[in-house]
Amino acid sequence: MTSSAQQEQPSWQTVHASPPQVKSPYTPSEALGDLPGVCYALETFLNSRMLESEEYCHKSDVGKERLYFATGYGLIQCVKGLMSYADEDLLSAINHTKHGNHIASQHRKKAGFFGSLMGSTASIRSMSDGERHAELTYAESLFEKALLGIVYSGDWLAFIKEALNMRTVFGVYRHLGAFLDEADAAYAASLLSSSSSSTASSTPSTPTTTTSRSSLSLSTPPTSVPPSPSTLTSIPTPTPTPTPKKPEDPTIDAHFRSGVYLGVGMCNIILSLIPGKLATLVELFGYKGDRTYGLDLLMRAGGWSTDRSESAAEPGVSTTHEGVRRPICDMALLIFHLVMSSYTGAGVDIVVATRILEWNLKRFPNGVFFLFGAGRLALHRSRPRLAIHYYSQAMASQIQYRNLDHISYWECAIARLALWEVGEAVLAEDKDGGEDEGQEIRVGGSAACWRVLEAEATWSKAIYSYGLAACFLEDWDTDSPPSTPSGTGPTPKPKTKEARMKEASNLMKRVPNIRQKIAGKSIPLEKFVARKARKYTSQANRLLLPALEIAYIFYAIAHAPRSVLSAKMLPLVRGALQKLSLYGPGTGCAQQEEPKTPLGKGKEKGGKSGPEGYEGGKGEYWDDLCLARFLEGVCLRFIAYPVRLSFLRSPSPCPRTNHEPRAQLTHPQDPDATPDPSSETDIIPSTEAAQGAVEAFKAVFEYGPKIELDHYIVYHAHYEYGRLLACQGDFVGAKREFELVLSGKPLEVGASGRKGKYSMENALHIRTHAALDAIQSQSLHK
């Protein structure tokens, strides 16, 4: 009966009913005896009981002499320091990770002269289990210390020093990974040898059965079940066949194995994300990242599969048999699939991410990090209101680490922009039908979220201040007082439009002076907002569509429901174009003879007509024209092709699973986007939207040479035009546009745009490389 009950226990069920007892006194040879306690501390932390976890680690090892408790406590302090970005928290985290690294060094095997001649894997093979774990924790704590040092120091010398530490980390993980591969290969060879012997001694007519393969730790690939027609996109590509699981040496414990999978997997993914030129330089030192292999290693820790069958929805590794670092591997996979997918397309698998997220939400129902993931998934599926619901739940799930709430406020600010709710009031429409409401913190519009960040968060005051100012400059009702949110942030005060403009001006003046540096380099987003803030001041306190511009930069337009694009954002852009048409050509609107609502005072000052009569002269006219046409093209592109998580047609169909929302797929090129059904009415026809986007981008190319300041628009227009061509199946044309962006040559810009770098250049190159890789991958599948 007991065995049957254990078999029926859910795979996500916790194995810790109470805090495990820690054995005292401590000796280094018994370091692995602390692993149950560390597993409990990690589960407690991920269930949003951070202070309880921190206190348990501290009481279990007051002297910070135990291998896993010392390094685990350092990891908690590292998370706190990176969240707050306060100097005192960063310094405390550096000291704790440095101490943890010292403790790990004391537990490592002392390498002698003859030991160094044995080779890396031979040396690791000669270690005890505890010494191998010490190697692992040494690499982990050194990575944490290096990361904190880069963030805290802000100069190049410290960056070089910590980069050398990173090189050491990669080297340790490489040796540990090679040892694990050799051990598993030797075990597989022994299994094959014993299997051959048993087959030779048996009757020749008796085939090897599935049972015997299973007993040899080999899993027969399940039959690939074709999805039903209702779940398929229009792409006739077969479901991918799962690969057999490789045999694993049972003498190596799951805790060590999960640590190697995490370290080697993350190293491969990080190296694979390095841009082309820098990647070539890194390869000279012998480091090259294989993204597919890295993702596979992270998935092995939890036994996840890319198979689309229902039987593969559950992981192959339960909580009873998992390693201590398995939850961190799952979190790393979610970060890649749901966050890094904004910058890259290769390797992104939303079905796998959904399975991992659902399973971990059952395990950690109040887990703030997995609620973040649920919000991110909803945002990528163009359901920003549902995303806000999850982020609100994340804030309500814990009150111990206020800095974690700032992540939710950041995401809510972007989700509100995707809904074009730029004000401060809490709205009544914040429930997405069919979802369990539960307890949550209600947040206001985008301006309210930026206000909380500007007042409390410390990561980037410049970006938070500019985001708040940009929302203030938009036209929204400020006469009635906003509703009071139920969170702990400051309550927004009602402001008249005049008071709002005054506060926006004060914020813009501050932005250029509150920028920060990491590793001696300015943050690209901060450089961008500083330039825009200086432009605002130089243009007599005026910017065109500033909130919609940052909505593009922060991918809010890409995640906006099509109804919002069509009914809110696009009319705003065309209203600006209509006003611009009073002063010159290129707007795509019928030019009027007399301005009904003049934007500037040119006619009053000298009776000038044409672009010279615009607000600040023809220079500002061409900048604003190209920005408006660019935003028009982007809105129309996402109306025509609402691509969210895939750059092109997916080479493998992603059938919708039972747990996904009830909405039908809206476009064959976006099998992962499941927007709110109520948002898909009264949409501009796709053909009309695509044609309008082409005309808008070509207008940017035509008038780009006349831009005086915002030259980045031209290069981003080429990228977006390339994405549009890719969606239309013109891969040759798309490749041409992407190669233009990556060429490093000045495009359709004037003399002032041919010197130096344009705003967000590196970020655009990363996105363009990813889009180009997607095209090349698509060509291989043909």
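Remember, predicted model here, so these are calculated numbers, not experimental data.
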Compare all side-chain heavy atoms of [X] with those of [Y] and state whether any distance is below 4.5 angstrom.
X	Y	answer
Val452	Tyr464	no
Phe731	Leu725	no
Ser342	His380	yes
Tyr641	Ser686	no
Ser759	Arg531	yes
Ser408	Ser392	no
Ile707	His711	yes
Leu543	Asp624	no

One thing to verify: whether [Y] and [X] come together as a salt bridge, which I'm taking to mean a side-chain N less than 4.0 angstrom from a carboxylate O.
X	Y	answer
Arg451	Glu503	yes
Glu720	Arg767	yes
Glu739	Arg736	no
Arg629	Glu695	no
Lys532	Asp710	yes

key: side-chain hydrogen bond (donor to acceptor under 3.5 Å, both in side chains) between Tyr621 and Glu708, intermediate numbers included   = CA-CA 10 Å; Tyr621 174 83; Glu708 289 193 354; over 6 Å; no
ask   = Got a second to check how far Cys412's SG is from Ile414's CD1, nearest 0.5 Å?
value =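 The SG atom of Cys412 sits 10.0 Å away from the CD1 atom of Ile414.
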Do the side chain of [X] and the main chain of [Y] share a donor and acceptor less than 3.5 angstrom apart?
X	Y	value
Lys568	Leu419	yes
His389	Arg385	no
Arg376	Leu338	yes
Ser446	Val422	no
Ser566	Arg562	no
Glu748	Pro705	no
Thr344	Ser341	no
Gln516	Trp459	yes
Arg416	Glu421	no
Lys461	Glu454	yes

query = Taking atom types as modelled and ignoring hydrogens, do the side chains of Arg723 and Tyr719 form a donor-acceptor contact shorter than 3.5 angstrom?
reply =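 Per modelled atom types, Arg723 and Tyr719 side chains form a pair under 3.5 Å.
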Where does the angle between the aromatic ring planes of [X] and [Y] fall among parallel (under 30°), tilted (30 to 60°) and perpendicular (over 60°)?
X	Y	result
His406	Tyr409	tilted
Tyr614	Tyr583	perpendicular
Tyr552	His716	perpendicular

Is the ring centre of [X] less than 6.0 Å from the ring centre of [Y]?
X	Y	answer
Trp450	Phe472	no
Tyr712	Phe528	yes
Phe701	His718	yes

inquiry  = Let's go through Ser505 and Tyr536 carefully: what are the C-alpha distance in whole Å and the side-chain angles of both, what is the deciding distance for side-chain hydrogen bond (donor to acceptor under 3.5 Å, both in side chains) to 0.1 Å, and is it a yes or a no?
reply    = CA-CA 8 Å; Ser505 298; Tyr536 170 84; 2.8 Å; yes
task = Test Trp410 against Tyr391 for ring-ring contact (aromatic ring centres under 6.0 Å, His included), laying out the working first.
result = CA-CA 10 Å; Trp410 170 273; Tyr391 293 133; over 10 Å; no
request  = Might you work through the side chain to side chain contact (heavy atoms under 4.5 Å, CB included) test for Arg534 and Met508, ending with a clear yes or no?
outcome  = CA-CA 8 Å; Arg534 287 194 295 268; Met508 289 292 194; over 6 Å; no
query = Step by step, would you call Trp420 with Leu572 a side chain to side chain contact (heavy atoms under 4.5 Å, CB included)?
reply = CA-CA 11 Å; Trp420 202 243; Leu572 193 68; 3.4 Å; yes
Any residue meeting side-chain hydrogen bond (donor to acceptor under 3.5 Å, both in side chains) with Tyr758, in chain and number order, not counting sequence neighbours =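 Partners of Tyr758 under the side-chain hydrogen bond (donor to acceptor under 3.5 Å, both in side chains) test: none.
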task = Determine whether more than 12 heavy atoms belonging to other residues, nucleotides or ligands lie under 6.0 Å from atom NZ of Lys535.
result =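 Count over threshold, so yes.
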query = So Lys517 and Glu526, salt bridge (charged side-chain N to carboxylate O under 4.0 Å, His left out) or not? Walk me through it.
reply = CA-CA 9 Å; Lys517 289 187 177 182; Glu526 289 196 340; over 6 Å; no
request  = Show your working on side chain to side chain contact (heavy atoms under 4.5 Å, CB included) between Phe630 and Val714 and close with a plain yes or no.
outcome  = CA-CA 8 Å; Phe630 171 69; Val714 172; over 6 Å; no
ask   = Should Met760 and Tyr715 be marked as a side chain to side chain contact (heavy atoms under 4.5 Å, CB included) after you check the CA-CA gap, both sets of side-chain angles, and the distance that decides it?
value = CA-CA 10 Å; Met760 308 300 294; Tyr715 298 89; over 6 Å; no
